[in-house]
There are 2 protein chains.
Amino acid sequence: MPDRDSQACETWRLFIQVLAVERSRLPTIASELGLSEAQCRVLELLDPSTSVSMCNVARALDCDPSNVTGIVDRLEARGLVERSPDRADRRVKKLMLTRVGKELRARLLERLAEPPAQIRSLSLSDQRALCAILQRVSGPARSSG
Amino acid sequence: MPDRDSQACETWRLFIQVLAVERSRLPTIASELGLSEAQCRVLELLDPSTSVSMCNVARALDCDPSNVTGIVDRLEARGLVERSPDRADRRVKKLMLTRVGKELRARLLERLAEPPAQIRSLSLSDQRALCAILQRVSGPARSSG
DNA sequence: TATTGTTATACTCTATAACTATA
DNA sequence: TATAGTTATAGAGTATAACAATA
């Protein structure tokens, strides 16, 4: 059905235009916080209440574990995260946010959550409709609620 | 009036979830074509029918002109683009796609235009509604400068 | 003097391969 | 043998500063 396909293409085209703005937002936010984009991704990933192993970070970032060493080295040098050995498996190192790291992560999430002017410019009813549609998008990590 | 603001935040949150998928799509498409993401951006930027100066590429990429030298060096080494001096201003070098470059650019744009499963999964009426709303999004007044 | 493009330098991210210490 | 993390190495993107050619 070319009808639906062509509609999807046009929708996607418009979607990408909004994406282009976001693409320039992240580097800006990152540099304002003195972070690289990769460091932001690790910070986002780390839950303040739990610890994560280095290899799980690598899996989440979809990169080689050797990269995580360097990224975490720099985060640790800034006092944002801490490595500690896992008692159950001594090969594993667990990563945890420091107090400062938790604070910076909160600021980062706050900035990332700020809707850009493009979204804010929409009328309330458009925003509600957009929201409703996006909730019906079936994504890889869709959760209830 | 947190009503509209909170609606915008929630809408943006959902928007970002779709964007997260795109973030992993671009590197995949790029590597399939044997390109880096920066090289893709330059290729996208170059209109097959006109030429662009190096400094305009730098402006469009929002990066230092010294970076463009390296990126274009590699594109040129692969025979995708050509530098030629501007007759009117001999400081300027104009960039143009080669025949091979035009072909690869077409393939790149084709891949980028493919709507991801998340968009295709929406019903036709949802896609139409989404499209209509996105058309009402006001861009950031093309602030290329 | 200002602009265009380049080079030199340094830092970060990225992948691969080899290594260690555990398991 | 396999896995977790590191190191070594190389390539690419990024920024700054200095430079030559040109305006």
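Small disclaimer: the values here were computed from a predicted structure and weren't measured. Residue numbering restarts at 1 for every chain, and letters A, B, ... go by the order of the sequence lines.
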Value in whole Å for how far the P atom of D:dG5 lies from CZ of A:Arg83: 10 Å

Round to the nearest Å and state the distance from A:Glu76 atom CD to D:dG5 atom C1'. 13 Å

Walking along DNA chain C from 5' to 3', note the first and the last nucleotide with an atom under 4.0 Å from a heavy atom of chain A, and give both. C:dT12 to C:dA23

Run the salt-bridge test on A:Arg107 and A:Glu103 with the 4.0 Å N-O cut-off and return the result as yes or no. no

Does D:dG13 have OP1 or OP2 under 4.0 Å away from a side-chain N or O of B:Arg41? no

Positions of residues 84-92 of chain B (non-hydrogen atom under 4.0 Å from DNA chain D), listed by number: B:Asp89, B:Arg90, B:Arg91

When the distance from CG of B:Leu43 to P of D:dG13 is rounded to whole Å, what number comes out? 13 Å

A:Arg23 atom CZ is separated from D:dT14 atom C1', nearest whole Å, by 17 Å

Describe the nucleic acid contact of B:Ser66 in one word from base, sugar-phosphate, nothing, applying a heavy-atom distance below 4.0 Å. base

I want to check one thing: is the phosphate of D:dT6, taken as OP1 and OP2, less than 4.0 Å away from some side-chain N or O of A:Lys93? yes

Test: A:Arg41 and A:Glu44 ion pair at under 4.0 Å: no

Between A:Gln127 and A:Ile119, is there a donor-acceptor pair closer than 3.5 Å when you use the side chain of the first and the backbone of the second? yes

Need one value for A:Glu37: base, sugar-phosphate or nothing, where a base atom within 4.0 Å counts as base even if backbone is also close, heavy atoms only. nothing

In residues 47-54 of chain B, which residues come under 4.0 Å of DNA chain C by heavy atom? B:Ser53, B:Met54

Check the distance between D:dA4's C1' and A:Asn67's CG and give it to me in whole angstrom. 15 Å

Does CD in A:Glu10 sit with more than 12 non-hydrogen atoms of other residues, nucleotides or ligands closer than 6.0 Å? yes

